[in-house]
Amino acid sequence: MPTMISQQTKKLIQKYQHWYNSLQKKEGVSTIHVDEVAAGVASFYEKIRGLVDWREEHLLRKTAIERNLKRRLFLGKDGEKIADPLVYELIRGGHFPNDMVLESKIEEVQKALDKYILILENESLKDDGFKLQMSNWILGIAACEIEEILSPSLKENALIEYMTNLMKERIEVKENIIVFNGIKEEEKNTQIYTAVQRALFKLDSPIISYHLLKKRYKEWKNLPDLQIKEVGQNIYSIYKNIEKDLNHPLADKFYKICERYNTPYIILGDIISEDPIKAEENISDPIILESLIKKAYNQRLKTLKSRLGRAAFYATLSIFLTNVVALLAIEIPFAKYIVTGEFNSYAVIMDILGPTFLMAFLIITIVPPKKGNFEQVIMEVMKIAHEKEIKDIYMIKSSKKRGVLFKTIISIFYIITFIISYGVIIWGLYKLNFPPLSYLIFVIFLSLIAFAGAKIRERSKELQVIEDKTTFSGFFIDLFSIPVLQTGKWLSSRFIKYNIIIVLFNSLIDMPFQIFTEFLEQWRSFLKEKKEEIH
């Protein structure tokens with residue numbers, strides 16, 4: 001018997017139908033074509049870069065845009081001269097499909113670049129105190145807009161809006177926990193919107209910042225020059241306000257709820273995208289819907305396993321290669337010429353294999369969702385897709401306020417667990433007769449791998465709705481692993497910025513290689529013209 005679909009779900013289906021229609025190849029419009037040989041070479045280069053500069057798959061394209069944008073802006077700030085070669089370079093690198101991006105998109109990219117260049121040239125950014133920080137932030141947002149122009153995220157944005165609207169109805173915040181008279185409605189809605197983006201698609205801060213900017217400036221893509229200059233003058237306060245939203249005291253609590261209940265939204269999105277035209281009919285029938293949920297759930301489970309394996313491989317390989325460079329450039333010369341005149345080959349092997357085996361262990365010990373999880377997913381999808389009079393309420397409460405004495409005791413205990421965690425590692429290295437510098441290198445890469453592995457393990461819970469129960473063994477492991485993970489998180493942000501291999505790629509290889517691929521494309525075009533002249 002058909003069931004009543006909610007109005008929100010109907011709107012979601014309509015947006016997915018719009019997305020589906022946008023994918024159909026349009027007749028009579030010019031698309032960008034790059035030479036296949038040059039594209040093959042450039043794509044291979046990007047894959048090599050990906051080995052040493054690994055990012056999560058959904059961030060690779062944005063990162064490539066930002067990298068290329070910084071290089072081209074360094075040579076000259078002219079949107080008209082940058083847009084065309086930038087777009088062609090991104091398509092050659094395999095970040096966007098050949099013969100699918102409309103030529104008219106280049107003009108849109110140019111318009112966007114002109115806007116960000118105008119903001120960057122504002123006098124308020126002349127202060128060296130925060131010029132570099134603000135420039136990186138602005139270019140990160142520019143990369144997000146360029147990505148959206150070349151490949152609009154219609155489907156993803158529709159699902160984000162859908163989950164955000166439903167979560168607004170379901171999440172309640174307990175009064176008098178952060179400010180007097182409770183959290184403001186606008187503040188609550190911003191936190192839900194931010195948490196949903198992180199929970200559904202694991203979007204990073206630059207992408208969320210870009211979306212928040214568009215919320216605050218409804219005409220962000222078409223701002224007049226006068227308003228762009230005004231944004232430039234106030235850019236630091238805009239940045240601080242967005243950072244305040246991203247680092248809200250309750251941000252983690254909003255995320256925890258959205259992350260726990262994101263699975264039914266992901267599954268529903270998969271069902272609709274499979275057949276947007278028949279989606280309303282399929283979702284109306286509970287029997288058909290249940291079979292579609294099962295199909296989407298199993299498919300997600302299958303692709304999740306392969307994604308986790310790929311993420312583990314690339315994360316380990318990226319850190320492994322940097323580790324090898326550190327050994328060859330720093331550790332071995334230091335041991336050979338400064339300390340003992342020889343290096344410990346056993347220590348070198350442990351330096352390389354220790355973190356690698358840790359990652360392997362973290363991935364192998366990932367367990368599938370518990371029994372009963374699938375039944376819970378079916379129930380949750382039915383709840384959000386169909387019209388219900390009574391809606392679930394998810395309550396957010398603040399952490400208990402701790403006094404100064406209690407905070408001090410907790411901090412002391414944390415420092416003790418930190419010392420014990422790293423003390424055991426260093427003691428083990430001492431027993432294995434590691435040279436002094438190897439202590440530091442081993443600890444750094446062990447922390448990086450532990451953090452990367454922990455993130456991948458968290459990602460493995462993408463389909464999990466049933467909450468994990470804390471066991472004593474889990475509590476004990478958390479007690480001594482969290483200091484290592486926190487260190488890995490801190491090092492990870494520095495690792496991305498100061499990875500010596502990436503610095504070498506960016507400064508010595510990137511630009512010459514792009515010049516070579518552009519020359520190769522021009523040369524191939526010349527050969528084709530000459531070939532056509534032969535009758």
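By convention here, the first residue in the shown sequence is residue 1.
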Task: Expected output: side-chain Gln197 to main-chain Tyr193 donor-acceptor under 3.5 Å - done: yes
Task: Nearest-0.5 Å distance that lies between atom CE in Met167 and atom CZ in Phe254 - done: 11.0 Å
TODO: Measure from the ring center of Tyr422 to the ring center of Phe418 and say whether it is less than 6.0 Å.
DONE: yes
TODO: Using atom types as modelled and distance alone, determine if a side-chain donor or acceptor of Ser22 lies under 3.5 Å from a backbone N or O of Trp19.
DONE: yes
Open item on the list: Taking NZ in Lys70 as the centre, count heavy atoms belonging to other residues, nucleotides or ligands within less than 6.0 Å. Is the count above 12?
Closed with: yes
Open item on the list: Within a 6.0 Å radius of atom CG on Asp252, are there more than 12 heavy atoms belonging to other residues, nucleotides or ligands?
Closed with: no
Task: More than 12 heavy atoms of other groups within 6.0 Å of Lys244 NZ - done: no
- [ ] Starting from the C-alpha separation in whole Å, work towards a yes-or-no answer on side-chain contact (heavy atoms from CB on, under 4.5 Å) for Val109 and Ile106.
- [x] CA-CA 5 Å; Val109 171; Ile106 292 175; 5.6 Å; no
Open item on the list: More than 12 heavy atoms of other residues, nucleotides or ligands under 6.0 Å from CD of Glu274: yes or no?
Closed with: no
Task: Option from Glu187, Glu243, Lys253 for which side chain to side chain donor-acceptor pair (under 3.5 Å) with His248 holds - done: Glu187
TODO: Kindly check if the number of other-residue, nucleotide or ligand heavy atoms within 6.0 Å of NZ (Lys81) is above 12?
DONE: no
- [ ] Decide if atom CD of Glu107 counts as having more than 12 heavy atoms of other residues, nucleotides or ligands within a radius under 6.0 Å.
- [x] no
Open item on the list: Does Glu89 form a side-chain contact (heavy atoms from CB on, under 4.5 Å) with Arg71? I'd like the steps, not just the answer.
Closed with: CA-CA 12 Å; Glu89 182 180 332; Arg71 187 181 73 251; 2.7 Å; yes
Task: Over 12 non-hydrogen atoms of neighbours within 6.0 angstrom of CG in Leu226 - done: no
TODO: Say whether, by atom type as modelled, one donor and one acceptor occur between the side chain of Ser151 and the main chain of Glu148 under 3.5 angstrom.
DONE: no
- [ ] Go through the steps for Ile32 and Phe96 under the test side-chain contact (heavy atoms from CB on, under 4.5 Å), then give the verdict.
- [x] CA-CA 10 Å; Ile32 299 171; Phe96 297 94; over 6 Å; no
Task: Tyr265/Val196 under side-chain contact (heavy atoms from CB on, under 4.5 Å): CA gap, chis, key distance, verdict - done: CA-CA 10 Å; Tyr265 296 91; Val196 165; over 6 Å; no
Open item on the list: Restricting to ring pair (Phe, Tyr, Trp, His ring centres under 6.0 Å), what partner residues turn up for Phe201, sequence neighbours left out?
Closed with: none
Open item on the list: Could you work out, with salt bridge (charged side-chain N to carboxylate O under 4.0 Å, His left out) as the rule, every residue matching Asp245, not counting sequence neighbours?
Closed with: Arg216
Task: Short side-chain to backbone donor-acceptor contact, Lys115 and Trp220, under 3.5 Å - done: yes
TODO: Measure the spacing between CD1 of Ile91 and OG1 of Thr31 and express it to the nearest 0.5 Å.
DONE: 8.5 Å
Open item on the list: If you count heavy atoms of other groups shown closer than 6.0 angstrom to NZ of Lys229, is the number above 12?
Closed with: no
Open item on the list: With rounding to the nearest 0.5 angstrom, report the CD1 to CE distance, Ile238 to Met134.
Closed with: 8.5 Å
Open item on the list: Strictly distance-based, threshold 3.5 Å: is any side-chain N or O of Lys15 a donor or acceptor partner for the main-chain N or O of Leu154?
Closed with: no
TODO: Would you check, one step at a time, whether the test salt bridge (Lys or Arg N to Asp or Glu O under 4.0 Å) holds for Lys62 with Glu147?
DONE: CA-CA 6 Å; Lys62 176 186 72 74; Glu147 181 180 21; over 6 Å; no
